[in-house]
Amino acid sequence: MQLYQNQHINIYNSLTGKKETFKPINSGYIGMYVCGPTVYSNVHLGNVRTFMSFDMVFRYLKHLGYKVRYVRNITDAGHLENDADVGEDKITKKARLEEIEPMEIVQRYTVDFHNVLDKFNFLPPSIEPTATGHIIEQIELISKIIDNGFAYEVNGSVYFDVHKYNETNDYGILSKRKLEDLIHNTRALDGQSDKRNPQDFALWKKAEPTHIMRWPSPWSDGFPGWHLECTAMSTKYLGEQFDIHGGGMDLKFPHHECEIAQNQAAKGQAPVNYWMHANMLELNGARMSKSTGNIINPAELLSGKNDIMSKGYSPSVIRFFMMQSAYRSVLDLTDAGLLASEKGFNRLMNAVDDLESLKTSNNSSFDIKKWKQNCYNAMNDDFNTPILIANLFEVVTHINAIKETRATITADDLKLLKETISTFVFDILGLKKTSEDNASGTDKLTGAVELLIALRKEARVNKDFALSDKIRDELAAVGIQLNDGRDGTTFSTN
RNA sequence: GACAAGGUGGCUGAAUGGUUAAAGUAACAGUCUGCAAAACUGUUUUUUAUGAGUUCGAAUCUCAUCCUUGUCUCCA
């Protein structure tokens, strides 16, 4: 008996614009594909939010007992910088600027990507395929689309015929655009394009002589178009129809729209049952942008070495901050917001620690079973992590009350409470205890600070408050905060 | 200019027709403390961008206006 047989998830499907009861194609199994990063620069914090949302989804589906195959690709063949025929792919361009091999660019930023995700405690996907590793599949796909009459070759390049496709299919089914509107809004570039229509998109591009990344194909030495890789890799590993396709909101059009079209054109069926789109991350109320300087990368946010935030924040605090908003909402990253989350996160973690020393009674003054189901209800409602966290804080208040003997809990309920908290806080939200998050040289530090705490205690007993305050204040000045509690003094660093 | 998603207390952010609009933070008070901080407890703040409409009833539906973000276009 798996949990998913009792817990029914509703997912907001971008395709229909409604929340729908989730039903996998094969009972007990889920295929999920998420568009991964283009590795031509350090991973963008907005990308981290998107992938974190799907990491949470992956974690929850697994927790429910589903066998999940989670595929997240690495785009290492580069998107075209623009869609004109003279387009240059992002990776090649970056390689030229840095005067190194394109695959060095790919290697460098793939490593960076994995490092950052590791810091934020991401689970690795089941498969992480690369675009360059699936050129053959992409060529096969193009041939099929040509055979089916939905693509044409011009001068060694192959384009998808959007107008032809739209006669029998709905180009715009996902993005809710109408082809007529697109035509109306497109001003053709005179004589610059081999395309029959400006709305057509490239499936295969003939490489210019200077283009380094190139592969042989029936049409020319060249490289695949930027929408094709996801179609090739998702269906290769998940089947021609699969359950969930995720990605950032910015990919909805044209990228995901084109994926649907390619699948329909090649195989005559829609590939995906549930489309999920994570919303954007803003910084201080505005879009992040290199050109305006309104940008912060993950490493800077963690270290505090930036001009935007007052300090660095731990990975779990940032994760907690992101989980406090729904994945479908725009989230505004601010220093005040992070500070608030940090305090809340610490409060939650204190309560989790207190669970170990709680005294049990013959009855419980709080309905743990009902509370537990409320946590599931929150997650089942389109992965509503903010509501889940609100529920967690409700139980934090009760934990504190039990600690101060204003409330009671039975041994059985305490066991259930511990298991449930651990499940939701660590397994599903993916948070880590503060001590596990910054485990660098803490032993020596702890020894030294505990010595100072002992000296201060002695001074306080002797009512030498000048000395005790000096110890406290000077530790505070270097970022070590002493916390006097009923049972002695502890410390925390920031 | 077109399309899409949004605009909720000081800040972050839930709730999409139905009693007192979650939760965190902040502020204030109390407990603790030599004092402070931390911690814990309690209290306070919004009437849901603006205006009009539908409804017995709207943050939630409709229309208009303003603003934000994304994509396309333009520009470059």
What is the distance, rounded to the nearest whole Å, between atom [atom1] of [X] and atom [atom2] of [N]?
{"X": "L339(A)", "N": "rC11(B)", "atom1": "CG", "atom2": "C1'", "answer": "10 Å"}
{"X": "M249(A)", "N": "rA4(B)", "atom1": "CE", "atom2": "P", "answer": "13 Å"}
{"X": "L388(A)", "N": "rG24(B)", "atom1": "CG", "atom2": "P", "answer": "14 Å"}
{"X": "M288(A)", "N": "rG70(B)", "atom1": "CE", "atom2": "P", "answer": "11 Å"}
{"X": "D335(A)", "N": "rA26(B)", "atom1": "CG", "atom2": "P", "answer": "13 Å"}
{"X": "F201(A)", "N": "rU71(B)", "atom1": "CZ", "atom2": "P", "answer": "18 Å"}
{"X": "L348(A)", "N": "rU25(B)", "atom1": "CG", "atom2": "P", "answer": "11 Å"}
{"X": "R177(A)", "N": "rA2(B)", "atom1": "CZ", "atom2": "P", "answer": "13 Å"}

Identify each donor-acceptor pair in which a side-chain atom of residues 463-475 of chain A lies under 3.5 Å from a protein atom, sequence neighbours left out, and give them as a table.
unit_1  : atom_1 : unit_2  : atom_2 : d
D464(A) : OD1    : L467(A) : N      : 3.3
S468(A) : OG     : F465(A) : O      : 3.2

Span that lies between the [atom1] atom of [M] and that of [N], in whole angstrom:
{"N": "rU43(B)", "M": "rG1(B)", "atom1": "P", "answer": "50 Å"}
{"N": "rC66(B)", "M": "rG51(B)", "atom1": "P", "answer": "15 Å"}
{"N": "rG9(B)", "M": "rU65(B)", "atom1": "C1'", "answer": "25 Å"}
{"N": "rU19(B)", "M": "rG57(B)", "atom1": "C1'", "answer": "11 Å"}
{"N": "rA2(B)", "M": "rC63(B)", "atom1": "P", "answer": "15 Å"}
{"N": "rA22(B)", "M": "rU55(B)", "atom1": "P", "answer": "29 Å"}
{"N": "rA21(B)", "M": "rU47(B)", "atom1": "C1'", "answer": "8 Å"}
{"N": "rG30(B)", "M": "rC67(B)", "atom1": "C1'", "answer": "43 Å"}

*Under the side-chain contact (heavy atoms from CB on, under 4.5 Å) test, which residues partner T385(A), sequence neighbours left out?*
M56(A), M323(A), M379(A), L429(A)
[X]: which residues meet the side chain to side chain donor-acceptor pair (under 3.5 Å) condition with it, sequence neighbours left out?
{"X": "E257(A)", "answer": "S175(A)"}
{"X": "H256(A)", "answer": "H277(A)"}
{"X": "Y109(A)", "answer": "none"}
{"X": "N380(A)", "answer": "Q7(A), Y60(A)"}

*Can you list the residues that meet the salt bridge (Lys or Arg N to Asp or Glu O under 4.0 Å) rule with D354(A), with sequence neighbours excluded?*
K403(A)
*asked:* For nucleotides 33-41 of chain B, give me one character per nucleotide, 5' to 3': B if any protein heavy atom sits under 4.0 Å from the base, S if the only such contacts are to the sugar-phosphate, - if neither.
replied: SBBBBBSSS
*asked:* Between K433(A) and D353(A), does any side-chain N to carboxylate O distance fall below 4.0 Å?
replied: yes
*Looking at R406(A) and E404(A), does any basic side-chain N land under 4.0 Å from a carboxylate oxygen?*
yes
Pairs under 3.5 angstrom, nitrogen or oxygen only, protein versus nucleotides 12-14 of chain B, please.
unit_1  : atom_1 : unit_2  : atom_2 : d
rG13(B) : OP1    : D332(A) : N      : 2.8
rG13(B) : O2'    : Q324(A) : O      : 3.3
rA14(B) : OP1    : A326(A) : N      : 2.4
rA14(B) : OP1    : S329(A) : OG     : 3.0
rA14(B) : O3'    : N384(A) : ND2    : 3.4

*Which residue pairs pass the salt bridge (charged side-chain N to carboxylate O under 4.0 Å, His left out) test when at least one of the two sits in residues 367-379 of chain A, sequence neighbours left out?*
none
_Pairs satisfying side chain to side chain donor-acceptor pair (under 3.5 Å), at least one member in residues 317-330 of chain A, at least two apart_ = R49(A)-S325(A), D55(A)-R319(A), Q324(A)-S341(A), Y327(A)-D382(A), R328(A)-D382(A)
*asked:* For Watson-Crick and G-U wobble pairs within 3.5 Å on both distances, what is RNA chain B written in dot-bracket notation, | included for inter-strand pairing?
replied: (((((((..(((.....[....)))((((((.......))))))....(((((..]....))))))))))))....
*Do the side-chain N and O atoms of S364(A) and D413(A) include a donor-acceptor pair separated by under 3.5 angstrom?*
yes
*Report yes if at least one side-chain N or O of R287(A) is closer than 4.0 Å to OP1 or OP2 of rU68(B); otherwise report no.*
no
